[in-house]
Amino acid sequence: MTTKRIIPCLDVKDGRVVKGTNFVNLRDAGDAIELAEKYSQEGADELVFLDITASIEKRKTLVEFVRETARAVSMPFTVGGGISDIYDIENLLRAGADKVSLNTSIVKNPQLIAEAAKNFGSQAIVAAIDVNKTADGYRVFIKGGREATPLEGIAWCRRVEELGAGEILLTSMHCDGTRNGYDIEMLSEIQSFLQIPVIASGGAGEFKHFLDAFVEGKADACLAAGLFHFGEMSIKDLKQYLSNNGLNIRI
Amino acid sequence: MIGIVNYGAGNTASVSYALERLGVPFILSNSAAELEKCSKIIFPGVGSAEAAMNKLKEYELIDYLKNTRKPLLGICLGMQMFASFSEEGNIECLNIIETKCLKFRDKNVKIPNMGWSSITLESSSRLFEGIPAGAYFYFAHSFYIPLNNYTIAASENGQPFTASLRKDNFYGVQFHPEKSSDAGMKVLNNFVEII
């Protein structure tokens, strides 16, 4: 049986890791490849690299960075941020990324999911969905959370699965950086519709938040960033805690 | 010298980096003549079965792969291509092993099967020598080969499936050894060193 995954997210800018709180106020947390190696040793199940400058400045992503990382570590990783077309996807996968995460580009062109899944397999295509809870429900945001779209969050999750995405990385912007826990309600709601795995993102602050996301939110994986980078939480200790609480965890 | 079949599979770079980390010399080639000069062959695979078969046809590699006597390791889609038929595109594959490659259908499991699973050894093989019981490997797939006479390790996703198989000189792993940390590197090293 597949274990529940813990995924550190490394927001990358110029090959350095940074992490924002509510997507602003960046703090430098270190060298990305050094961190990747450290996380591999600590037992992280996967890594996600998000080029946070890419979708804002239209900068082409990180093929060289991906290549260096794939050279350094024997673990799966996803890369995202500003990936706009099938050629970007191909270059990143060929350089050694296992998956690409697509966000703004698939809102603008949903068929990109279908095209990418057909060419590279669904397992390589992660739909990254940023939602904010508003008075009229879950609203999908793009461009690093800066631009609202007309899309409703749950409907968009269902749509990306239909189009062939292999996984959803669901970031709850209203929880991100708060350290008050993941959005259990939304996680649990989408699980009744979806067959593809869901990565919970946004709001982790303590061990129990992860346990709640896995048990009540039925998430397949939990993602966190600053919490891990600044040494506040050890992945080893977190995984031991989850295992002690009866979850199927790779220790 | 290890020959990596270079036919456009998505994980070709990752497999070659893993061999670099092991310090094992290798070449990337889509020529049967060049591959035949190598001592062993690695047949990677990420993508779709249909696209992969088309590439193998284009490079005239089908007969070579079916008939080589060199030890050959198929990884993920590479192993699935050993089947006679795949439901992914409903196409004929290499027919090295008489089995079908099927799609996961259980409504109660996640598809793709994505993440780390432990495996159960069904028979002893040098491929898994020195691997501790309960070791985890990284899987990412929507299609699977059912358990059969050639299965040497099993895993499960709602139902059991072949995690590794061997028929004569043909070895296959459904998981990605190149991405499976120490245990995965040990499997690759076993293939290179002691098979």
Side-chain angles (χ1 to χ4, degrees), chain A residues 1-7 40-41 43-47 63 66-78 89-100 117-126 161 164-167 191 194-199 218-221 248-251, chain B residues 8-18 20-22 45-52 76-77 88-89 104-118 134-143 155-158 160 175-188:
Chain A
M1 189 174 175
T2 310
T3 57
K4 298 288 189 184
R5 289 170 281 156
I6 297 295
I7 307 178
S40 175
Q41 298 295 319
D45 295 300
E46 253 176 73
L47 295 172
V63 172
V66 163
R67 193 169 285 132
E68 281 176 41
T69 306
R71 279 214 157 92
V73 292
S74 309
M75 70 188 297
F77 68 91
T78 301
I89 295 171
E90 176 162 19
N91 288 335
L92 292 163
L93 294 176
R94 295 234 176 285
D98 298 274
K99 306 182 238 183
V100 291
K118 182 169 179 283
N119 280 281
F120 311 113
S122 286
Q123 86 296 327
I125 311 303
V126 181
E161 175 175 290
E167 192 162 50
Q191 286 289 352
L194 297 174
Q195 186 144 32
I196 59 177
V198 174
I199 304 169
K218 305 184 192 75
D220 301 284
N248 186 20
I249 296 286
R250 180 180 72 110
I251 299 274
Chain B
N11 61 337
T12 307
S14 299
V15 170
S16 56
Y17 299 149
E20 273 177 26
R21 286 194 293 277
L22 290 171
V46 165
S48 82
E50 198 174 355
C76 192
L77 178 62
E88 188 178 18
F104 284 119
R105 287 207 172 75
D106 188 337
K107 289 284 171 217
N108 299 314
V109 301
K110 291 303 175 118
I111 306 170
N113 177 37
M114 181 101 71
W116 298 77
S117 296
S118 55
Y136 291 94
F137 294 92
Y138 180 73
F139 292 83
H141 60 125
S142 303
F143 294 81
S155 189
E156 65 97 20
N157 185 38
F175 54 83
H176 287 279
E178 75 279 13
K179 293 286 178 173
S180 294
S181 197
D182 296 345
M185 294 302 279
K186 178 78 178 149
V187 168
L188 277 179

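Throughout, a chain's letter reflects where its sequence line sits, starting with A, and its residues are numbered from 1. Fair warning: this is a prediction, and the values are worked out from it, not measured in the lab.
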Give, as side chain, backbone, both or neither, the part of [X] having an atom under 4.5 angstrom from any heavy atom of chain B.
| X | value |
| --- | --- |
| A:Ala72 | backbone |
| A:Arg94 | both |
| A:Lys118 | backbone |
| A:Ile249 | backbone |
| A:Ile251 | backbone |
| A:Gln41 | neither |
| A:Ile196 | both |
| A:Ala70 | both |
| A:Ala117 | neither |

Tell me the closest heavy-atom pair linking [X] and [Y], and the distance in Å.
| X | Y | result |
| --- | --- | --- |
| A:Phe120 | B:Val46 | O-CG1, 4.1 Å |
| A:Asn248 | B:Tyr136 | OD1-OH, 4.3 Å |
| A:Gly166 | B:Pro112 | O-CD, 3.2 Å |

Given 3.5 Å as the limit, does a donor-acceptor pair link the side chain of A:Arg250 with the main chain of B:Ser117, or not?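 No: the side chain of A:Arg250 does not pair with the backbone of B:Ser117.
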
Report yes or no: does B:Lys110 contribute a side-chain atom to a donor-acceptor pair with the main-chain N or O of A:Gln195 at less than 3.5 Å?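 It does not hold such a pair.
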
Can you name the residues that form a ring pair (Phe, Tyr, Trp, His ring centres under 6.0 Å) with B:Tyr17, not counting sequence neighbours?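 Listed in chain order: nothing, the list is empty.
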
Counting only non-hydrogen atoms closer than 4.5 Å, does B:Glu156 touch chain A with its backbone (N, CA, C, O), its side chain (CB onward), both, or neither?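 Both parts, heavy atoms under 4.5 Å.
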
In terms of heavy-atom proximity below 4.5 Å to chain A, should B:Ala51 be classed as side chain, backbone, both, or neither?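 The answer is neither part of B:Ala51.
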
Taking every heavy-atom pair that is under 4.5 Å apart, which of B:Ser118, B:Gly89, B:Gly115, B:Ser48 has the most such pairs with chain A?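 Answer, by heavy-atom pair count under 4.5 Å with chain A: B:Gly115.
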
Any side-chain heavy-atom pair from B:Trp116 and A:Pro76 closer than 4.5 angstrom?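 Yes, close enough: below the 4.5 Å cut-off.
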
